[in-house]
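A quick write-up on the structure given underneath.
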Amino acid sequence: MPATAPTASATIEVETAWRFLLINWMFIGGMGVALAASLMLTNFSIELTGLAVAIGYVGLYGGFAHANAVSLKRRDPQVMFVLGGTAQIVLITAVMTPLTYVVAAANMPMQDANLLAIDRALGFDWAGYVTYVDAHPALAAWLNYGYTMIRWPIFAIPVVLAAKHRYDRIEEFTFAFGFALVATTIVSGLVPAIGVFQQIGLDPASIKHLNVQPYLDQLRDLPPARAGVLRHLDLLGLGGIVTFPSFHAASAALYAWALWPVKWLRPVTVLAFSAMLAATPINGGHYLIDMIAGLAVAVVAIVAAHTVGQMVARRQIAAAAIAGAEGAAAEGELIPVALRVE
């Protein structure tokens, strides 16, 4: 069967998403400028191997997305937005992760005691929670896996949404993801913390079934970054050093929101990202208030992304209406006056 031509509405939706994708490139460009300025104004540096890998990956995906977009014969929105969206998400991560180290170098007073006090005021028994989960190996294994789910959705979300022709949601998610990472990075510099294990004097080595390596990575990198010792950054080995607000919690909310339009995925979405949230305090050594703040950041990011998306859509619809009116007027001039219908 021959493919049906896209409707005017579908064309407007694709053009709107494409304009949003271009806005996201400008947003990410601002992040890149911030990183470049940080490297120029501080004694931080980036390992060239990791930088080359990131640039090559983003250039390949972004280049193919652009080439497909400008091709009159092979233009395919799914290719455009899967490749373009993936390139942008990877670049956001590559730019913002080293910035978490730069921000940490501001060496603001540590806030672990205050964060723990808030948790206790909320009635959250962190040690009891960790002990319970660690005593149940199957539950611990599931949460260990849940914590790692911050990685694969950034590649799966563009593919799944493109299959549903939700190109607008791909771009909104990309914007919200970047917004949330910028917000958590800035706030983490103002409210630095290393995690609850150290604060309550619990030795991570005593944990048998939980993978606390993410917390150990934080413990390895944050003190030297604050002390001025860690200044050469390898993108392939960085994990990000954000405690408050929790970007893990923000990501879980953003992933669930992004995939919610795909109805058959909703049960999997709830199960997977509930595990991600439940794992955040124990695998990452986060305080409960870290998670609450991270979820709040996600809500603000979603609202901001939806607002930008609506603004772009309104402008695109207005532009299409003007173009349609001009086209109709031009056609009308070619119709004899006697044949025009008033």
Side-chain angles (χ1 to χ4, degrees), residues 6-32 57-71 75-96 150 152-184 247 250-263 265 269 273 297-320:
T7 64
S9 176
T11 300
I12 292 175
E13 290 175 0
V14 171
E15 292 299 329
T16 298
W18 180 253
R19 290 185 180 275
F20 202 162
L21 182 142
L22 298 179
I23 290 174
N24 281 335
W25 277 124
M26 291 187 284
F27 182 32
I28 299 168
M31 300 178 199
Y57 185 97
V58 172
L60 181 65
Y61 272 56
F64 273 112
H66 180 75
N68 186 272
V70 300
S71 172
R75 193 171 192 255
D76 183 343
Q78 291 186 333
V79 175
M80 290 160 48
F81 293 108
V82 169
L83 296 182
T86 302
Q88 290 184 336
I89 293 167
V90 170
L91 186 56
I92 288 170
T93 305
V95 170
M96 290 306 303
I150 195 172
W152 64 262
I154 60 176
F155 299 100
I157 286 172
V159 175
V160 172
L161 292 178
K164 295 290 290 184
H165 306 290
R166 288 301 307 267
Y167 311 120
D168 58 331
R169 182 58 68 96
I170 295 174
E171 299 313 315
E172 287 185 0
F173 167 73
T174 303
F175 184 92
F177 182 83
F179 184 101
L181 191 46
V182 169
T184 53
F247 185 66
S251 296
L254 291 175
Y255 295 166
W257 162 74
L259 292 171
W260 201 250
V262 187
K263 293 182 178 180
L265 262 181
T269 296
F273 300 123
V297 167
V299 171
V300 174
I302 289 169
V303 171
H306 188 60
T307 300
V308 174
Q310 287 185 320
M311 179 186 70
V312 176
R314 284 196 297 267
R315 290 185 177 181
Q316 190 61 31
I317 291 172

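The residues of the chain are indexed from 1 along the displayed sequence.
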Q: For the pair Ile317 and Arg315, evaluate side chain to side chain contact (heavy atoms under 4.5 Å, CB included) and give the outcome as yes or no after the intermediate values.
A: CA-CA 6 Å; Ile317 291 172; Arg315 290 185 177 181; over 6 Å; no
Q) What pair of heavy atoms forms the shortest contact from Ala298 to Ala253, and how long is it? A) CB-CB, 3.7 Å
Q. Are the side chain of Asn24 and the backbone N or O of Glu171 linked by a donor-acceptor pair below 3.5 Å?
A. yes
Q | Point-to-point distance, once rounded to the nearest 0.5 Å, from CZ of Phe175 to CD1 of Ile28 | A | 10.5 Å
Q) Atom NE2 of His66 and atom CH2 of Trp18: how far apart are they, to the nearest 0.5 Å? A) 6.5 Å
Q: To the nearest 0.5 angstrom, please state how far the CD1 atom of Ile157 sits from the CZ atom of Arg166.
A: 13.0 Å
Q: Please tell me if the side chains of Val90 and Tyr61 come closer than 4.5 Å, counting only heavy atoms from C-beta onward.
A: no
Q.
Quick check for you: to the nearest 0.5 Å, what is the distance between Ile170 atom CD1 and Met80 atom CE?
A. 10.0 Å
Q) Got Leu83 and Asn68 here, is their nearest side-chain heavy-atom distance under 4.5 Å? A) no
Q: Show your reasoning for whether side chain to side chain contact (heavy atoms under 4.5 Å, CB included) applies to Tyr255 and Ile154.
A: CA-CA 8 Å; Tyr255 295 166; Ile154 60 176; 3.3 Å; yes
Q | Whether Gln78 side chain and Ala162 backbone form a donor-acceptor pair below 3.5 Å | A | yes
Q: Check whether any side-chain heavy atom of Ile89 sits under 4.5 Å from a side-chain heavy atom of Phe173, and report yes or no.
A: yes
Q: Say whether, by atom type as modelled, one donor and one acceptor occur between the side chain of Arg75 and the main chain of Ala69 under 3.5 angstrom.
A: yes
(Q) Quick check against the 3.5 Å criterion: does Glu15 have a side-chain atom that pairs as donor or acceptor with the backbone of Gln316? (A) no
Q: Return the set of residues passing ring pair (Phe, Tyr, Trp, His ring centres under 6.0 Å) with Phe247 (not counting sequence neighbours), or none when no residue passes.
A: Phe177
Q.
For a quick test of reading the model, state the closest non-hydrogen atom pair linking Ala87 to Trp25 and the distance between them.
A. CB-CH2, 4.3 Å
Q. Do the ring planes of Phe81 and Tyr167 sit parallel (below 30°), tilted (30 to 60°) or perpendicular (above 60°)?
A. parallel
Q | Phe179 and Val300: CA distance, side-chain angles, deciding distance, side chain to side chain contact (heavy atoms under 4.5 Å, CB included) verdict | A | CA-CA 9 Å; Phe179 184 101; Val300 174; 3.8 Å; yes
Q: Please confirm whether the backbone N or O of Trp257 pairs with a side-chain atom of Arg169, one donor and one acceptor, at under 3.5 Å?
A: yes
Q: First locate atom CG of Leu161, then atom NZ of Lys164, and finally report the distance between them rounded to the nearest 0.5 Å.
A: 10.0 Å
Q.
Which residue in the set Ile23, Leu22, Thr307 passes side chain to side chain contact (heavy atoms under 4.5 Å, CB included) when paired with Val312?
A. Ile23
Q | Side-chain (Ser71) to main-chain (Ala67) donor-acceptor, under 3.5 angstrom | A | no
Q | Gly85 versus Leu21, closest heavy-atom pair with distance | A | N-CD1, 4.4 Å
(Q) Just to verify, what does Phe155 make a ring pair (Phe, Tyr, Trp, His ring centres under 6.0 Å) with, not counting sequence neighbours? (A) none
(Q) Take a 6.0 Å sphere around OH of Tyr57 and say whether it holds more than 12 heavy atoms from other residues, nucleotides or ligands. (A) yes
Q. Does the pair Met96 and Val182 meet the rule for a side chain to side chain contact (heavy atoms under 4.5 Å, CB included), with working shown?
A. CA-CA 7 Å; Met96 290 306 303; Val182 169; 3.9 Å; yes
Q: Specify the closest pair of heavy atoms between Leu259 and Leu265, including all atoms of both residues, with the distance to one decimal.
A: CD2-CD1, 4.3 Å
Q: Would you give the length of the straight line joining atom CG of Leu254 to atom CD of Glu172, rounded to the nearest 0.5 angstrom?
A: 11.5 Å
Q.
If I compare all heavy atoms of Thr16 with all of Ala313, which pair ends up nearest, and what's the gap?
A. CG2-CA, 3.5 Å
